[in-house]
Amino acid sequence: MKLSKAYEPKEYEPGIYALWETSGAFAPTTALALANTERAGKGEPFSIVMPPPNANGNLHVGHAYMIPIEDILTRYYRMNGRDAIWIPGADHAGFETWVVFERTLEAEGKSRFDFSREQLYDMTWDFVEQNRGNMELQLRALGASCDWSRSVFTLDEKVVNTVYQTFKRLWDDKLIYRGERLVNYCTKHQTSFADIEVEYREEKTPLYYIKYGPFTLATTRPETKFGDTAVAIHPNDKRHQKYVGQTITVEGADGSFEVQVITDEMVDPKFGTGVVKITPAHSFDDWEVAQRHNLPMKVAIDREGRMTKAAGRFAGMPVLEARQAVIEALEEKGLLVKIDKHYKTRIGHCYKCGTIIEPLPMKQWFLKIQPLAQRAKKAIEDGRIKFIPAGKGNELIRYFNELRDWNISRQIPWGIPIPAFQNKNDPDDWIFDTRVDQEQIIINSKTYKRDDDTFDTWFSSGQWPFITTDYLTGGDLARFYPTSVMETGVDLLRQWVARMIMLGLYATDDVPFRDVFFHGLVLDEHGIKMSKSKGNVINPMDVIDEFGSDALRIGIVMNRSAGQAQAFSTASVVAGRNFCNKLWNIARFIEAKSEDGAESSAAPSLDEPSVFPDNLTKNFSSSASTSSSPHGAPEKNSSKVCSEKRSGEDGGESRAATCEPESPADHWILRQLDDARAQINQHIKNYRFAEAVDTIYHTVWDDVADWFIEASKVNSRSEFLHYVLDITLRLVHPFAPFVSETIWTALHDDDSLLISQPWPEKLSFDKKKTDEFDQIKELVSNVRLVTTQLPAGKYDLLHENDALIAETADLIKSLSGLKSVKQVKQGKGLRLATAGHAAWLDLSDELIYEHQERLETHLVEVRQEIAVLKKRLANPNYTKKAPAHLVEETKKQLDEKRALEARLMVELWVATT
RNA sequence: GGGUUUGUAGCUCAGUUGGCUAGAGCGUGCGAUUCACAUUCGCAAGGCCGCAGGUUCGAGCCCUGCCAGACCCACCA
């Protein structure tokens with residue numbers, strides 16, 4: 001029985017995930033940490049909170065980058081014995097979900113206004129509940145090793161309770177206030193938006209020049225004229241000074257009205273005519289001006305986007321219609337001077353339905369932000385939060401400085417209701433009360449009516465780290481706050497990360513996380529932003545279906561750096577798939593080897609995938625695993641110690657195998673693995689995931705497969721092969737968890753899981769032996785380089801009693817594809833330019849002659865390098881100022897190059913003689 | 001208007017505080033190979049590191065200017 005030739009991810013991934021999940025491996029203080037007392041408590045707890053994906057949606061390709069990163073971190077620190085948790089979540093995605101839900105209502109010919117708030121809330125809840133499972137299944141498909149038992153939905157009771165607690169505290173601290181402000185209002189969705197939720201588009205819109213009392217002014221919105229309460233000029237503008245301070249009468253489209261003439265810096269004398277009409281209720285600029293000058297406000301547009309009574313005979317018209325009608329009326333009256341049809345300006349749109357956002361005055365709940373912002377700013381300046389990439393911290397500091405009060409109300413039912421009630425008889429009397437399920441409450445015989453608004457999603461999301469860890473209530477997860485790292489997209493820097501820092505510091509007196517890693521946008525293959533309208537969206541589930549989850553993980557993490565928007569590359573996913581297959585075949589080879597070496601019952605059984613994973617632990621046999629069974633089976637093939645240290649009471653928790661290296665190849669591969677281990681440690685610590693993947697990729701492929709396994713074909717010990725595989729699997733696991741676990745469970749007949757194994761410790765090896773293998777490698781490369789240029793055929797390698805070559809003759813022969821390696825009295829043929837060892841390729845004179853040109857080229861190159869090095873050393877500034885070790889290094893290089901030159905000259909001399 | 005950021009091989013991208021011959025994946029060329037893997041193996045070609053200056057013993061990396069792109073923010077009627 002054999003493993004299938006190629007790794008088939010689909011056959012194994014769901015089963016493997018189920019094994020992890022049912023084994024409890026995702027929980028903090030894992031079996032590993034508990035069982036390994038000497039490892040437990042190593043370092044601080046590690047925690048990461050998942051940015052909750054939309055409960056109602058599907059994961060997109062951005063998640064396919066985010067989840068692997070968070071998973072790599074979690075698996076890595078878990079294997080390192082840290083008390084590690086990754087808390088998943090699901091987002092009710094207030095407005096996003098609301099839009100989708102409202103669309104289904106509309107499809108049924110219904111409107112939100114047909115239902116009460118409670119009904120709408122319940123309907124939406126059911127709607128989300130129906131769809132919620134998908135998202136979580138997709139997270140599993142990506143291999144997310146998060147602790148599902150701790151999953152938090154953004155409308156869970158504990159979320160609401162904490163949000164109310166925070167709101168109450170802010171209220172008591174006088175940081176919450178009710179204010180009339182201009183808000184960005186979508187007349188279709190009937191809700192206001194935060195500034196960052198408005199999508200500005202550059203558009204052509206006519207600029208009308210109209211007569212306005214004694215002035216002519218330019219406006220794009222003549223219909224708002226009914227809301228004008230002033231007209232402004234720049235303080236230094238000489239042209240209209242005589243009117244300043246006066247009240248003038250303006251003839252309009254529907255009768256005349258009076259406005260004051262004021263001066264304000266905001267007016268650009270060079271724009272239009274240098275005169276601006278001020279409409280405080282419908283323009284953000286004008287609102288500001290009105291605040292400064294204490295101007296009255298007239299509302300000309302209502303929440304439906306229609307003209308109010310103030311518009312006289314235009315009342316009830318939609319805005320755009322009114323604009324046209326007003327212009328026609330002005331033209332009739334001779335008040336229209338000209339129209340600039342080429343004028344372009346930026347117009348705000350609802351980012352969901354595209355409706356033009358109407359600035360409207362509205363009573364809203366506001367959070368006084370600056371006290372919170374300044375504290376957050378200081379925390380960043382003090383370096384209490386580390387940003388990756390670092391520049392993002394400075395960006396936040398600037399943002400905090402200019403941040404204005406935050407409108408936290410939304411006019412949609414799908415969200416957390418604002419716990420505030422208004423006295424029916426005194427509109428200014430608001431009280432905090434959490435009985436939001438009641439429309440009105442009576443307190444001290446006064447009737448209070450509920451505010452029907454809900455919180456902005458980011459008000460609750462902003463508290464996510466301390467909510468999910470139950471920090472305020474002191475649950476058992478409280479030890480994980482502040483969380484170790486927040487991993488999220490650059491696009492959420494302001495709307496989410498900034499708010500978590502502000503609210504975290506406010507509510508807990510501590511930063512919500514130590515590090516923030518920002519991932520960039522994943523673009524399509526050509527570097528274009530993915531969008532449904534462009535039809536270039538890549539569905540991660542399709543990619544998994546075709547290439548496997550591990551392949552997607554590797555492919556997407558590879559060649560990517562923090563914060564950068566970068567293209568998705570199918571080629572990289574293919575590389576990832578091939579990598580998994582490579583690892584798989586390494587395991588197959590090692591299995592086959594131990595089969596060869598095993599005499600009797602020791603046959604390993606690598607089962608057909610079709611039976612997998614049900615018979616997972618049964619069908620992959622015992623003796624195939626490292627030579628010592630838990631019951632102490634005798635070791636074979638080696639007098640050296642190969643043992644397995646196990647810990648845990650009833651077996652199966654964790655194991656650390658060791659096996660002494662013997663051959664140069666053994667020592668060498670241990671060094672390579674140890675280097676990889678150390679490098680990955682550094683890379684993970686620095687959040688350099690692409691480099692970490694690169695390291696493991698090349699270690700497995702180049703070192704383990706291409707050199708060590710190749711060498712093992714000549715001479716191998718099953719135990720040591722398994723030992724190498726064991727370490728390799730551990731190193732691979734955080735990056736390609738499925739394939740590594742599949743192999744692991746296949747090789748172990750107990751219940752042990754790779755996910756719970758310890759990360760490799762420092763490996764020891766003999767440097768002399770590793771050097772020997774390096775020399776063998778160099779010789780082999782040299783032979784390959786020469787023979788690949790020659791006609792196909794087998795050649796003989798000659799040496800004059802070289803100990804290493806003699807000892808490893810078979811190995812060299814095999815690796816180089818030689819006919820033989822022979823010891824001779826006198827070397828002849830082509831002398832190879834290999835350091836430290838004299839060896840000749842026994843070639844005919846013609847072949848040597850053909851090789852001559854190559855040699856000459858090589859010699860020229862080497863001589864050029866020598867010249868460069870000599871020049872560098874001849875420079876007194878270099879030898880004086882450069883660090884000593886670099887100068888030494890250069891000298892060493894020069895020596896090496898000269899030696900090489902000498903060898904090449906010998907080769908060439910032989911070739912030409 | 002302000003800010004951030006990018007420009008490195010045919011393509012997509014790495015290159016950490018300046019320091020060995022600037023790397024990877026894919027692609028390309030030549031060759032090999034039924035015995036772990038064609039999702040294979042070996043070898044190679046391919047780079048004025050956007051342009052021009054500057055600092056330095058030394059610059060892909062630091063500084064200045066320019067060219068080209070991306071993104072974010074902002075109140076121009």
Side-chain angles (χ1 to χ4, degrees), chain A residues 2-3 5-7 195-196 200 207 217-221 224 232 266-268 270-273 275-279 283-289 343 345-346 389 391-392 394-395 398-399 402 490-491 493-494 520-521 523 525-527 529 547 551 555 558-561 563-572 574-593 682-683 686 688 690-691 694 697-698 705-706 709-710 713 781 784-789 791-792 816-817 861 865 868-869 872 875-883 885-887 889-890 892-893:
Chain A
K2 293 283 182 198
L3 277 180
K5 266 189 150 187
Y7 174 59
D195 294 346
I196 40 181
Y200 286 93
L207 182 63
L217 56 73
T219 180
T220 52
R221 302 202 60 185
T224 62
M266 149 272 196
V267 182
D268 176 358
K270 290 192 278 293
F271 185 89
T273 60
V275 182
V276 186
K277 68 190 197 66
I278 302 297
T279 322
S283 151
F284 288 100
D285 305 339
D286 296 3
W287 170 269
E288 298 281 327
V289 174
Y343 182 67
T345 191
R346 283 160 53 82
K392 296 293 165 192
N394 295 329
E395 201 176 327
R398 283 190 297 274
Y399 176 64
E402 64 196 30
V490 268
D491 49 323
L493 175 70
R494 292 158 181 236
L521 205 59
L523 308 171
E525 298 255 10
H526 308 287
K529 197 169 166 177
F547 300 103
M558 211 179 221
N559 280 348
R560 215 169 267 281
S561 53
Q564 294 297 326
Q566 280 161 359
F568 177 87
S569 156
T570 303
S572 296
V574 169
R577 178 202 53 186
N578 295 354
F579 171 80
C580 294
N581 191 56
K582 194 74 188 174
L583 186 67
W584 180 255
N585 277 291
I586 289 170
R588 281 183 68 212
F589 172 82
I590 291 175
E591 281 307 275
K593 270 282 167 191
Q682 270 317 105
H683 291 322
N686 297 322
R688 303 189 78 88
E691 283 89 335
D694 197 63
Y697 182 95
H698 287 105
D706 289 349
I709 293 288
E710 288 306 316
K713 288 177 179 173
S781 294
R784 283 173 180 174
L785 178 63
V786 174
T787 55
T788 195
Q789 301 297 318
S816 323
E861 282 168 7
E865 286 162 10
V868 168
L869 292 170
R872 191 182 300 165
N875 180 350
N877 279 325
Y878 175 70
T879 46
K880 250 185 276 170
K881 293 185 185 174
H885 73 272
L886 280 172
V887 178
E889 190 67 26
T890 310
K892 212 176 117 193
Q893 272 171 40

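A, B, ... follow the sequence lines: proteins, then strands. Residue 1 opens every chain. All heavy atoms count here, side chains included; hydrogens, waters and symmetry mates do not.
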Of the listed nucleotides ([options]), which one gets closest to any side-chain atom of [X]?
X: A/Arg784; options: B/A77, B/C43, B/C37; value: B/C43
X: A/Asn585; options: B/A77, B/A36, B/G15; value: B/A36
X: A/Arg872; options: B/U21, B/C37, B/U6; value: B/U21
X: A/Ala575; options: B/C37, B/A77, B/G25; value: B/G25
X: A/Asp706; options: B/G42, B/C20, B/A77; value: B/G42
X: A/Ala571; options: B/U39, B/U12, B/C26; value: B/C26
X: A/Arg494; options: B/A24, B/C37, B/C73; value: B/C73
X: A/Arg688; options: B/U39, B/C76, B/U16; value: B/U16
X: A/Arg577; options: B/U39, B/U4, B/U12; value: B/U39

In whole Å, I'd like the distance from the [atom1] atom of [X] to the [atom2] atom of [N].
X: A/Tyr697; N: B/C13; atom1: OH; atom2: P; result: 18 Å
X: A/Leu207; N: B/A77; atom1: CG; atom2: C1'; result: 8 Å
X: A/Lys277; N: B/C76; atom1: NZ; atom2: P; result: 17 Å
X: A/Leu523; N: B/C71; atom1: CG; atom2: P; result: 9 Å
X: A/Arg588; N: B/U40; atom1: CZ; atom2: C1'; result: 12 Å
X: A/Glu710; N: B/G42; atom1: CD; atom2: P; result: 8 Å
X: A/Gln564; N: B/G69; atom1: CD; atom2: C1'; result: 13 Å
X: A/Asn875; N: B/G19; atom1: CG; atom2: C1'; result: 14 Å

Quiz item: RNA chain B: stems of at least 3 consecutive Watson-Crick or G-U pairs, cut-off 3.5 Å?
Solution: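 RNA chain B forms these stems: B:1-7 with B:67-73, B:10-13 with B:23-26, B:28-32 with B:40-44, B:50-54 with B:62-66.
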Pair of N/O donor and acceptor under 3.5 Å linking [N] base with [X] side chain:
X: A/Lys582; N: B/C37; answer: yes
X: A/Glu288; N: B/C75; answer: no
X: A/Lys5; N: B/A36; answer: no

Quiz item: Are OP1 or OP2 of B/C72 and a side-chain N or O of A/Arg398 less than 4.0 angstrom apart?
Solution: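 So the side-chain polar atoms of A/Arg398 never come under 4.0 Å of the phosphate oxygens OP1 or OP2 of B/C72.
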Exercise. State whether A/His698 places a side-chain N or O below 4.0 Å from either non-bridging phosphate oxygen (OP1 or OP2) of B/G23.
Key: no
Quiz prompt | Electrostatic pair A/Glu591-A/Arg588, nearest N-O below 4.0 angstrom | solution = no
Quiz item: Under 30°, 30 to 60°, or over 60°: which ring-plane class applies to A/Tyr697 and A/Phe579, parallel, tilted or perpendicular?
Solution: parallel
Quiz item: Across the strands shown, which category fits A/Pro883 at heavy-atom distances under 4.0 angstrom: base, sugar-phosphate, nothing?
Solution: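 It contacts base atoms.
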